[in-house]
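Comments concern the structure below.
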Amino acid sequence: MNEEKPNVPEVFLTPYDPQQHEDKLYELWEKSGYFNPDQCVENGIADPEAEPFSIVLPPPNVTGTLHMGHAAMLAIEDILVRYHRMKGKRTLWIPGTDSAALATQSKVEGIMYKEEKKRRDEIGREELLKRIDIFTEESKATIISQTKKMGSSMDWSRYAFTLDETRYKAVMEAFVRMYNQGLIYRGARIVNWDPAMQTTVSDDEVEYVEQADPFYYFKYGPFTIGTVRPETKFGDKYVVMHPDDKRYAEYKHGQQIEVEWINGPITATIIKDEAADPEMGTGVMTITPAHSLVDFEIAERHNLDRERVIDERGLLLDIAGEFAGQHIKKARAAIIAKMTEKGLVEKIDDKYVHNIATNSRGGGTIEPQIKEQWFIDVNKEFAMGPSEVPGVKEGDTVTLKQLMIKSVENAGITIFPERFERVYYNWINNLHDWCISRQIWYGHRIPAWFNNGEIKVQTDSPGAGWTQDPDTLDTWFSSGLWTMSTLGWPEQTEDFKTYHPTSVIETGYDILFFWVARMILMTTYFTGQVPFKNVYLHGLVRDDKGRKMSKSLGNIIDPLDMIGKYGADATRLSLIVGAAPGNDMPLNEDKIRGYKKFANKVWNVSRFVITNISDADWAQTPKFSDRDEEILSELRATVAEVSNDIEKFSLYLAADKAYHYIWHNLADQVLEESKPIINGDDSEAKLARQFVLKECLVTSLKLLHPFMPFITETIWQELPKAIKDQDILMVAKWPES
RNA sequence: GAGCGAUUAGCUCAGCUGGUAGAGCGCUACAUUGACAUUGUAGAGGUCACAGGUUCAAGUCCUGUAUCGCUCACCA
């Protein structure tokens with residue numbers, strides 16, 4: 001009941017309340033079918049020949065719920081997608097979730113152990129997988145619902161899960177093809193072994209944690225050697241020094257000496273190798289090739305024995321003599337006691353700080369082991385197939401490393417911000433062969449079959465007597481195929497032909513190596529295409545003091561809470577403004593609250609304009625004053641700037657400019673100065689100004705839509721039909737500048 | 001140890017290809033019930049980490065120094 005303002009839609013009579021509108025609008029969009037580019041083409045929103053624009057969502061792990069980092073990712077991608085959709089492109093955003101094999105199994109095992117006191121071997125493969133499936137289904141549903149709350153305009157009809165049937169096929173095919181070309185091999189090499197989870201872990205998943213441990217100096221024949229790990233030293237029968245170290249010039253490479261050692265005399269062999277640093281300690285070291293990456297490499301160079309000392313569970317083997325069967329952690333003290341008694345301990349440095357390797361996916365301390373595993377050979381040369389990778393022609397001899405480098409070097413892929421290109425090259429240059437097998441149950445099975453020492457690699461069982469490799473694949477193997485597999489590869493589907501390479505991948509910089517690099521490796525190899533033309537790396541969302549959000553600090557902001565309190569639009573904007581690609585972004589509630597105020601500002605601007613243009617006759621031709629023209633030209637300039645910034649992936653600038661224009665130009669100046677004109681006697685001036693206000697409102701809503709889709713669409717739904725080019729703002733035409 | 005980044009108003013940060021400093025929040029004063037569960041106007045506050053250099057001109061380019069942060073690395 002508002003007698004004085006009969007023309008204001010009733011919805012505007014209260015402040016903007018996101019809760020009241022957001023879910024309904026998402027439903028409206030979903031029902032329209034316009035998340036699906038095919039539907040847009042069918043309804044004439046996009047031309048059938050329009051340029052495609054595609055993004056594949058970095059699939060969140062099914063280990064939990066979405067955090068602010070995910071929210072930022074969804075906001076950024078949705079902005080790009082909505083912008084390009086409004087530009088009339090055939091725009092596709094594919095949603096999905098990731099099984100995250102190791103992390104998920106670790107999580108479910110943890111829950112089962114805590115609740116039922118059951119360990120893995122007491123549960124069994126089938127039961128565990130069943131339980132994991134239940135867990136992941138729940139988790140998927142939660143993630144999908146959260147994703148929708150953010151307003152993400154994804155095509156749910158193309159939803160993919162890394163372990164679903166289509167993706168499984170792609171993984172099997174990829175493995176077999178790489179194996180047949182000799183790029184996947186099986187070999188005994190030193191790997192990161194996690195005794196707690198009983199599996200290998202990739203180099204990238206190892207996390208180094210600083211720890212203080214005693215550093216022991218031992219008498220080893222005529223030498224003094226140092227170590228933090230006496231328990232590995234039983235098998236040390238090689239003593240290594242730098243070839244140019246004058247102190248040891250009297251010893252010759254290959255020379256043998258007798259030394260008294262932990263369990264009695266042994267014969268040691270002198271090895272001259274440049275890996276020994278003369279500056280370090282005494283310049284002499286003994287090596288344990290079976291349990292150290294460096295030592296293994298030295299042993300490979302000189303073809304030395306690699307006797308095992310520790311088993312998979314961390315227990316000492318027979319070589320340890322009286323200590324055999326003891327756990328390494330417990331045995332150390334006893335070993336030192338015995339060595340002290342034998343006079344082998346020269347001194348102990350108690351303040352030695354070093355890095356120990358741990359499994360970042362929820363396991364324990366890494367104990368390197370030599371194991372028979374599957375590897376991808378990153379240095380093996382092969383003949384390139386059909387190629388669109390710049391600088392690589394069909395038939396060229398290349399390695400996977402070279403493909404990864406050339407894709408970026410020759411601008412097939414552009415990384416934002418640019419500085420990460422150097423980080424990327426650096427990582428590739430240090431890259432070792434990639435161990436892709438894991439001794440866990442949850443994940444893609446390896447399509448390899450064993451029969452009395454024979455191995456066959458193929459998707460189906462070769463027949464009776466053959467058993468499949470019990471291992472599964474590293475989760476990043478399947479993730480590496482993601483842009484392809486979500487589009488139907490290895491089939492040459494319409495989707496694949498249309499939307500691959502994708503336009504942009506958007507993800508956190510912390511995942512550049514894990515994922516972005518591996519997608520480039522896999523995709524260039526299999527398709528000769530880059531997986532994406534642009535990489536947009538966002539930073540970590542931190543609290544207002546710049547700290548990482550974590551449970552232990554209690555500073556976690558839950559996106560759903562913020563959406564509940566301030567609306568998805570305000571939450572999105574707070575994650576965009578001030579967040580340049582590659583930089584961490586501080587976030588606090590005040591910032592989000594600020595953007596809620598802005599939402600309300602937009603709401604009131606709209607109410608004002610709608611009220612004041614309700615009596616305009618749009619059939620007439622307005623005669624614009626100089627000031628009218630000026631206002632319109634400022635509007636066009638803003639459109640140009642915002643569009644340009646979005647094209648350049650400077651979303652933080654684009655959002656800020658749109659915000660600034662609407663609040664401080666349109667609201668503070670244009671609206672204020674329009675009041676006397678609208679209420680004045682000059683009907684010609686009034687009409688012209690009404691045209692101007694209409695133009696400003698319609699254009700502002702469009703400009704703002706990618707950033708704040710809910711409120712802009714809510715307002716759009718209340719606009720008179722006569723001033724709209726589409727019923728749904730999401731597919732309205734992006735303004736010309 | 002190597003690489004990368006940061007250092008600009010009390011706080012959080014912009015400032016793209018060089019032309020005598022900007023935003024948000026906070027603070028101060030005034031105004032306003034208005035399209036605005038407020039908002040507007042005005043204002044205070046910075047030798048742009050430090051030292052050199054290039055230039056007519058440098059937060060902006062170059063060299064070095066300091067502090068902080070991140071990533072990588074096999075230091076026994």
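Quick note on labels: first sequence line is chain A, next is B, and so on, each numbered from 1.
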When you measure from the centre of the six-membered ring of A/Tyr217, is the NZ or CZ of A/Lys347 closer than 6.0 Å and no more than 45° off the axis?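 Positive - A/Lys347 is close enough to the ring of A/Tyr217 and near enough to its axis.
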Tell me whether [X] contacts the main-chain N or O of [Y] through its side chain, where contact means a donor paired with an acceptor under 3.5 Å.
| X | Y | answer |
| --- | --- | --- |
| A/Asn679 | A/Lys675 | yes |
| A/Thr282 | A/Thr224 | yes |
| A/Asp295 | A/His291 | no |
| A/Trp261 | A/Lys233 | yes |
| A/Lys272 | A/Tyr251 | yes |
| A/Ser700 | A/Cys696 | yes |

Residue met sooner reading RNA chain B from 5', once A/Phe608 and A/Glu297 are mapped to nucleotides: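 The answer here is A/Phe608.
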Taking the nucleotide of RNA chain B with the closest heavy atom to each, which residue, A/Gly578 or A/Lys233, is nearer the 5' end?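 Its nucleotide being nearer the 5' end, the pick is A/Gly578.
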Give A/Tyr652 one of three labels, base, sugar-phosphate or nothing, depending on what nucleic acid heavy atoms sit under 4.0 Å from its own.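 If one applies the 4.0 Å heavy-atom cut-off, A/Tyr652 turns out to touch the sugar-phosphate alone, with no base involved.
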Within the 4.0 Å heavy-atom criterion, would you say A/Leu671 contacts the bases, only the backbone, or no part of the nucleic acid?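 Answer is base: heavy atoms of A/Leu671 come under 4.0 Å of a base.
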Return the nucleotide paired to [N]: Watson-Crick means purine N1 to pyrimidine N3 with N6-O4 or O6-N4, wobble means G-U with N1-O2 and O6-N3, both under 3.5 Å.
| N | result |
| --- | --- |
| B/U54 | none |
| B/A42 | B/U28 |
| B/C70 | B/G3 |
| B/C16 | none |

Which listed nucleotide ([options]) is nearest to the side chain of [X]?
| X | options | value |
| --- | --- | --- |
| A/Phe513 | B/C72, B/G24, B/G15 | B/C72 |
| A/Tyr208 | B/A35, B/G15, B/A73 | B/A73 |
| A/Ala276 | B/A76, B/U39, B/A37 | B/A76 |

Can you check B/G59 for me, syn or anti if syn means within 90° of 0?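 Classified syn.
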Give me, pair by pair, the N or O atoms of the protein and of nucleotides 5-7 of chain B that are less than 3.5 Å apart, along with how far apart they are.
residue: B/G5; atom: OP1; partner: A/Arg422; partner atom: NH2; Å: 3.4

